[in-house]
Amino acid sequence: MKAVGMGILANLDIGRVGPSKIIRFVESQVDGLSFDCVFLSCTNWRSVEALPFLQKRLGVPVITSNQAAMDEVRRVAARSRAARHISDS
């Protein structure tokens, strides 16, 4: 496992990092490594825009914190709908 950051501390500055810079940063950090997936953290980082390119280029799953949060919201909503359906029966 490897965990690195860009050293940006101000939230607004994090949001100003564009997808092309994110792609270059990720590529520079994984060069020469063997890995199963990449996790891009920080909900203000524009990593979702870089996802399609990174997944194709790296050939492994690339997951963002925003994506993981939305997936969990969908799972909870689906369980909630299922529970309401069962209780209505």
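Bear in mind the structure is a predicted one, so any value in this text is a computation, not a measurement.
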If every non-hydrogen atom of [X] is compared with every non-hydrogen atom of [Y], which pair is closest and at what distance?
{"X": "Val60", "Y": "Cys37", "answer": "CG2-CA, 3.9 Å"}
{"X": "Gly15", "Y": "Arg46", "answer": "O-CD, 3.3 Å"}
{"X": "Ala50", "Y": "Pro19", "answer": "CB-O, 4.1 Å"}
{"X": "Cys42", "Y": "Ser65", "answer": "N-OG, 3.1 Å"}

Transitive ILVMFWY side-chain link [X] to [Y], under 4.5 Å:
{"X": "Val4", "Y": "Val17", "result": "yes"}
{"X": "Val30", "Y": "Leu51", "result": "yes"}
{"X": "Ile63", "Y": "Phe25", "result": "no"}
{"X": "Met6", "Y": "Ile14", "result": "yes"}
{"X": "Leu40", "Y": "Phe35", "result": "yes"}

Closer than 3.5 angstrom, by distance alone: can the side chain of [X] be matched with the main-chain N or O of [Y] as a donor-acceptor pair?
{"X": "Lys2", "Y": "Gln29", "answer": "yes"}
{"X": "Asn44", "Y": "Asn11", "answer": "yes"}
{"X": "Gln55", "Y": "Val62", "answer": "yes"}

Side chains of [X] and [Y]: closer than 4.5 Å at any heavy-atom pair?
{"X": "Leu54", "Y": "Val38", "value": "no"}
{"X": "Phe53", "Y": "Ser20", "value": "no"}
{"X": "Asn66", "Y": "Met70", "value": "no"}

Residues in side chain to side chain donor-acceptor pair (under 3.5 Å) with Lys56, at least two apart?
-> none

Name all pairs fulfilling the salt bridge (charged side-chain N to carboxylate O under 4.0 Å, His left out) condition that reach into residues 19-43, sequence neighbours left out, sorted by first residue then second.
->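 Every pair satisfying salt bridge (charged side-chain N to carboxylate O under 4.0 Å, His left out) with a residue in residues 19-43: Glu27-Arg57.
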
Can you tell me if CG on Leu33 sees more than 12 non-hydrogen neighbours from other groups inside 6.0 Å?
-> yes

